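Report on the structure given below.
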Number of protein chains: 2
Amino acid sequence: MIHPFRQHIEEIIPLTDDEFDFILSHFESIKKRKHQYIVQEGEFVNKEYWVIKGCLKTCFYDDSGKEHILQFAMENWWSTDYESFVNRTESKTSISCLEDSELLYITYENREKLTSEMHKMERFWAKKSKYGRIALQNRILSLLKNSSKERYELLLEQYPKLFQRVSKKLIAAYLGVSRETLSRLNS
Amino acid sequence: MIHPFRQHIEEIIPLTDDEFDFILSHFESIKKRKHQYIVQEGEFVNKEYWVIKGCLKTCFYDDSGKEHILQFAMENWWSTDYESFVNRTESKTSISCLEDSELLYITYENREKLTSEMHKMERFWAKKSKYGRIALQNRILSLLKNSSKERYELLLEQYPKLFQRVSKKLIAAYLGVSRETLSRLNS
DNA sequence: ATTACTGTGTGAGGTATGTCACACTTTAAG
DNA sequence: CTTAAAGTGTGACATACCTCACACAGTAAT
């Protein structure tokens with residue numbers, strides 16, 4: 001059976017067996033239990049994670065202590081505090097497990113090494129970065145132009161599986177409304 | 001005098017004279033007047049622009065016809081409908097000039113060509129893409145966690161020049177509030 | 001100079017959303 | 001099994017923000 005991570009990379013760049021083994025040798029795997037943290041606010045993050053199995057949330061808090069969600073990550077998604085990872089600054093967000101999770105991760109140093117040793121991976125990450133940027137841009141568009149109800153429906157349409165795995169409170173924190181308002185959107 | 005575009009690239013990657021000339025040969029320049037469009041919604045965008053002089057807005061409209069602003073671009077900033085440019089899809093946004101403007105642009109084909117011919121530029125764009133992603137991420141963080149007043153103050157702090165060149169109506173459309181509300185924030 | 005257009009501030013009133021409170025159910029922990 | 005904790009829905013009320021209206025200043029076009 002083909003490794004799900006290989007399948008993920010090959011959606012963008014075809015690989016030989018040797019190339020995949022070489023890539024994989026730069027990663028480690030790790031298991032984490034529900035409620036455990038992968039990244040804590042204020043840390044210097046030097047790993048980027050890929051979800052083999054499980055579900056993560058990237059969250060942050062406003063001055064009144066209210067939680068907001070930047071991103072969920074389910075199977076085949078990447079997660080890290082991107083700003084901290086790229087700029088070597090303190091993380092503004094925390095990442096934790098919503099379920100018991102199995103992850104691959106690559107350190108900053110290994111990512112740099114792999115980027116320079118293997119041009120295919122430089123191209124892979126460049127593509128990923130482009131797509132990530134487009135997704136974020138569309139989220140901003142949606143935050144500005146759509147009502148809460150519309151944002152709720154768009155999310156439901158795009159990621160129906162999320163609603164079976166994640167509490168409404170967290171969905172609300174992602175959409176930018178209170179859980180009470182989210183609850184009343186259906187009526 | 002050093003070309004401002006060279007200076008811009010050299011903030012990330014040092015260049016020889018020949019390298020810069022080679023890069024520049026892939027670009028064209030163009031002048032546009034205030035109110036003219038660079039990109040219109042629905043078009044397939046195949047150019048990426050760099051502002052030598054002037055000011056652009058990237059805007060889009062909700063169902064009620066209200067204008068929202070995704071991005072401003074002043075001197076030394078890049079602008080295009082990134083999704084359309086990367087994915088070869090129809091643009092969701094329009095880009096137009098807020099002042100008479102002077103621009104450099106590169107076509108999609110030339111960008112691909114330059115990326116493959118010159119590894120330094122592949123790295124330059126990869127870096128730019130990373131930074132762009134971080135900026136967008138921070139905008140989402142701000143939209144979720146900060147009040148309108150806080151967003152206003154953060155923008156004023158980060159881009160004071162913008163307020164001397166752009167109407168409050170457009171600032172409001174960028175921040176995601178009505179111009180009336182923006183006007184009342186100061187009191 | 002005249003006219004139109006755009007930008008800006010401010011009042012009045014409506015609406016969407018937030019906050020607090022409580023009830024009840026479901027899930028997790030000892 | 002028992003108890004605590006988290007998730008969910010709903011009512012009552014407060015509030016931030018939107019919309020519409022109007023006034024007036026500044027700018028551009030004829």
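Letters A, B, ... mirror the listed sequences (proteins, then strands); counts begin at 1. Note that the structure is a prediction, hence the values are computed from the model and not measured.
For A/Leu182 and C/dT19, the CG to P distance is 14 Å, given to the nearest whole Å. Taking atom CD on B/Glu67 and atom C1' on D/dT19, their separation rounds to 18 Å, with Å as the unit. Look at OH on B/Tyr152: it is 10 Å from P on C/dT8, rounded to the nearest Å. As a whole-Å value, the separation of B/Ile171 CD1 from C/dG7 C1' is 13 Å. In this structure, A/Asn146 places its CG atom 16 Å from P of C/dA16, rounding to the nearest Å. For the pair B/Asp62 CG and D/dC18 C1', the interatomic distance rounds to 12 Å; values are reported in whole Å. A straight line from CZ of B/Arg184 to P of C/dG11 spans 8 Å, rounded to a whole angstrom. Protein atom CD of A/Gln36 is 16 Å distant from nucleotide atom P of C/dA28, rounded to whole Å.
Taking each heavy atom of A/Gly176 and B/Leu144 in turn, the nearest pair found is CA-CD2, 3.7 Å. Counting all heavy atoms, side chain and backbone alike, A/Ile12 lies closest to A/Tyr131 at CD1-CE1, 4.3 Å.
The distance from atom CD of A/Glu41 to atom OG of A/Ser91, rounded to the nearest 0.5 Å, is 7.0 Å.
Scored by the ring pair (Phe, Tyr, Trp, His ring centres under 6.0 Å) test, A/Phe44 finds no partners at all (sequence neighbours excluded).
With distances taken from any side-chain atom of B/Glu180 to the nucleotides C/dA28, D/dC20, C/dG18, the minimum falls on D/dC20. In this structure, of C/dG18, D/dT10, D/dC18, it is C/dG18 that holds the atom nearest to the side chain of A/Thr181.
Heavy-atom distances to DNA chain D give each of B/Lys34 and B/Leu185 a nearest nucleotide, and the one nearer the 5′ end belongs to B/Leu185.
Residue A/Ser148 is classed as a sugar-phosphate contact, given heavy-atom separations below 4.0 Å to backbone atoms only. A/Lys149 comes within 4.0 angstrom of no nucleic acid atom, judged by non-hydrogen atoms across all strands.
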Output one line per pair: protein atom, nucleotide atom from nucleotides 4-8 of chain D, and distance, for all N/O pairs under 3.5 Å.
| from | atom 1 | to | atom 2 | distance (Å) |
| --- | --- | --- | --- | --- |
| D/dT8 | OP2 | A/Lys168 | N | 2.7 |

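Looking at A/Ser29 and A/Phe5, their side chains never come closer than 4.5 Å, going by heavy atoms from C-beta outward.
Within 3.5 Å, no donor on the side chain of A/Arg151 pairs with an acceptor on the base of C/dT17, nor the reverse.
Remark: B/Lys57 does not engage B/Glu99 in a salt bridge, criterion side-chain N to carboxylate O under 4.0 Å.
Checked by atom type, the side-chain pair A/Thr89/A/Asn87 shows no donor-acceptor distance below 3.5 Å.
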